[in-house]
Colleague: 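Dumping the structure here so I can ask a few things about it.
Only heavy atoms go into these numbers, but all of them, side chains included; no hydrogens, no water, no symmetry mates. Throughout, protein chains are lettered first and strands after them, A, B, ... in sequence-line order, and every chain is numbered starting at 1.
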There are 2 protein chains.
Amino acid sequence: MAGYGQFCPIAATAEVLTERWTPLVIRELVDGSRRFNDIQRGVPLMSSSLLTKRLRMLEAVGVIEHQGNEYVLTPAGEELRPIVDQMAVWGERWIRRTIRRDDADAAYLMWAIRSSVVTDAAPPGRTTVNFRFTATPRAKRCWWLVLEPPATDLCLTDPGYGTDLTVRSDPVILASVYMGDIPLAEALRHRTITLDGPSHLVRGFPKWFGLSSLIGIRQS
Amino acid sequence: MAGYGQFCPIAATAEVLTERWTPLVIRELVDGSRRFNDIQRGVPLMSSSLLTKRLRMLEAVGVIEHQGNEYVLTPAGEELRPIVDQMAVWGERWIRRTIRRDDADAAYLMWAIRSSVVTDAAPPGRTTVNFRFTATPRAKRCWWLVLEPPATDLCLTDPGYGTDLTVRSDPVILASVYMGDIPLAEALRHRTITLDGPSHLVRGFPKWFGLSSLIGIRQS
DNA sequence: CGGGATCCTTGACGATACTG
DNA sequence: CAGTATCGTCAAGGATCCCG
């Protein structure tokens with residue numbers, strides 16, 4: 001790629017920050033992921049070899065440190081947080097459009113949902129929730145979210161506990177709800193999201209299903 | 001390039017902002033350039049076809065508007081300023097290293113110098129300053145800066161007014177002075193920058209030769 | 001789990017020339 | 001001045017497989 005030939009610090013930052021996927025990797029680190037696989041679950045469409053390469057690069061420029069099996073932000077990395085935050089604000093205010101099918105990768109959606117579960121509001125004991133997506137490649141169609149407060153686990157294969165609650169939806173719809181573009185109650189009423197299971201679990205779903213923390217940033 | 005498959009607003013911003021050269025084009029717009037050639041003088045190593053492409057893209061996503069021969073930031077574009085500013089801060093604090101030869105393109109350096117001239121402190125009347133760089137490709141070795149307060153003009157060919165003052169330096173040295181890494185007085189003392197001309201113009205040089213406005217950002 | 005190695009494609013980019 | 005057109009390259013990154 002080569003550099004920009006400029007001594008300007010904006011160019012220097014751009015050389016670090018604007019390679020493909022890098023801002024999203026930083027987002028994951030800023031959000032607290034430290035393990036390789038956790039980071040990758042936040043960028044499921046990124047190949048592992050490329051993620052490795054980016055992590056090495058970020059280490060080389062001093063944004064992260066690699067200790068054992070963990071990647072931790074250095075002070076320099078921590079100070080990228082304002083930039084990522086500003087990017088979130090700007091995207092939310094100016095780019096956010098109706099979510100397109102291309103932007104609703106089910107793997108990322110499920111990982112985001114998993115990260116936002118309100119464990120305090122989850123049913124006591126263990127609850128296995130099966131998500132089934134329409135209009136989605138077979139490999140990403142069916143997910144299990146295992147709530148066992150305070151833990152939350154996400155699997156692509158049946159964990160074998162049986163299913164307590166089934167959620168069916170188009171990933172575009174569920175993502176729209178997650179991002180606050182469609183009220184959950186409305187989607188349930190229109191049955192674009194359907195819940196199957198005991199009524200106390202159906203009623204409890206909206207309580208623990210957390211929305212994106214970026215909602216509400218728009219009005220600044 | 002294709003997108004990231006994510007509905008996250010950070011990803012949306014990244015799709016706009018992290019293509020090659022884009023942050024620097026935004027910088028030029030934020031700094032006030034509106035004409036194609038002015039913008040390009042701030043990114044001299046970018047081909048005009050690519051600049052056109054980027055401007056079209058920025059127009060398409062609503063960051064700029066194209067009116068006649070001018071490109072102006074929309075409100076959305078104006079709000080990119082905090083991001084660019086943060087990038088400058090971060091680069092200045094964490095990446096800034098000794099300026100390398102690869103980062104000292106003479107065309108960008110001269111354009112930056114031109115933009116920072118303190119016209120109030122320039123000599124009255126017209127002063128033609130000839131910059132001559134060592135260790136630089138022939139085509140970028142020799143520049144003329146015409147001070148005629150309040151205007152400042154930069155040429156690659158002799159404007160034909162005769163030369164009042166000649167500045168000789170390595171572009172790496174001059175860039176280091178511009179960025180505040182080397183005091184100008186020191187460079188003059190060591191004769192890594194030399195000035196030839198009437199003594200009142202030699203003495204006046206440090207007055208109108210402005211340094212980067214990004215200096216001082218580091219201590220925050 | 002945390003990668004490394006390889007292959008292969010494609011489209012982004014650079015270079016150059018030309019136009020109204 | 002403000003681009004357009006064409007062409008060639010080359011390397012980024014996607015895909016796949018493998019390994020300790």
Colleague: Give the rounded distance in Å between these two atoms: CH2 of W21(B) and P of dC13(C).
Modeller: 11 Å
Colleague: When the distance from CZ of R34(B) to P of dA2(D) is rounded to whole Å, what number comes out?
Modeller: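 In whole Å, dA2(D) P lies 13 Å from R34(B) CZ.
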Colleague: From the set dA5(D), dG2(C), dG3(C), return the single nucleotide nearest to any side-chain atom of N37(A).
Modeller: dG2(C)
Colleague: Students often get this wrong, so: under 4.0 angstrom with heavy atoms, is S48(A) touching a base, only sugar-phosphate, or nothing?
Modeller: base
Colleague: To the nearest angstrom, how far is E70(A) atom CD from dG3(C) atom P?
Modeller: 11 Å
Colleague: Between C1' on dC13(C) and CG on L45(B), what's the gap in Å once rounded to a whole number?
Modeller: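 Nearest whole value for this atom pair: 13 Å.
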Colleague: Identify the two heavy atoms, one from A12(A) and one from I95(B), that lie closest to each other, and give their separation to 0.1 Å.
Modeller: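 Heavy atoms only, the tightest pair is CB-CG2, 3.6 Å.
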Colleague: Could you tell me how far apart I39(B) (CD1) and dG3(D) (P) are, to the nearest whole angstrom?
Modeller: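 Answer to the nearest Å: 9 Å.
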Colleague: Would you please confirm or rule out a distance under 4.0 Å between OP1 or OP2 of dA12(C) and any side-chain N or O of R20(A)?
Modeller: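 No.
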Colleague: Rounded to the nearest Å, what distance is computed from the CZ atom of residue R54(B) to the C1' atom of nucleotide dA2(D)?
Modeller: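 These atoms are roughly 18 Å apart.
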Colleague: How are the rings of F133(B) and F131(B) set to each other: parallel, tilted or perpendicular (split at 30° and 60°)?
Modeller: tilted
Colleague: Check whether any side-chain N or O of Y4(A) sits under 4.0 Å from OP1 or OP2 of dC13(C), and answer yes or no.
Modeller: no
Colleague: Given dA5(C), dT4(D), dA12(D), which nucleotide is nearest the side-chain atoms of S49(B)?
Modeller: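 Shortest atom-to-atom distance from the side chain points to dT4(D).
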Colleague: Can R93(B) be said to sit on top of W90(B)'s aromatic six-ring, NZ or CZ under 6.0 Å from centre and within 45° of the ring axis?
Modeller: no
Colleague: Quick one: is R35(B) getting a side-chain N or O under 4.0 Å of the dA2(D) phosphate, OP1 or OP2?
Modeller: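 Yes, within the criterion.
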Colleague: Taking the basic N atoms (NZ, or NE/NH1/NH2) and the acidic carboxylate oxygens, is any pair closer than 4.0 Å for D105(A) and K140(A)?
Modeller: yes
Colleague: Would you mind reading off the distance between L50(B) atom CG and dA5(D) atom P, rounded to a whole angstrom?
Modeller: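 Taking atom P of dA5(D) as the reference, CG of L50(B) is at 16 Å.
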Colleague: Over how many whole Å does the gap from Q40(A) atom CD to dG14(D) atom C1' extend?
Modeller: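 Whole-Å distance recorded here is 13 Å.
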Colleague: Taking the inter-plane angle between the rings of F209(A) and Y178(A) on a 0 to 90° scale, is it parallel (under 30°), tilted (30 to 60°) or perpendicular (over 60°)?
Modeller: perpendicular
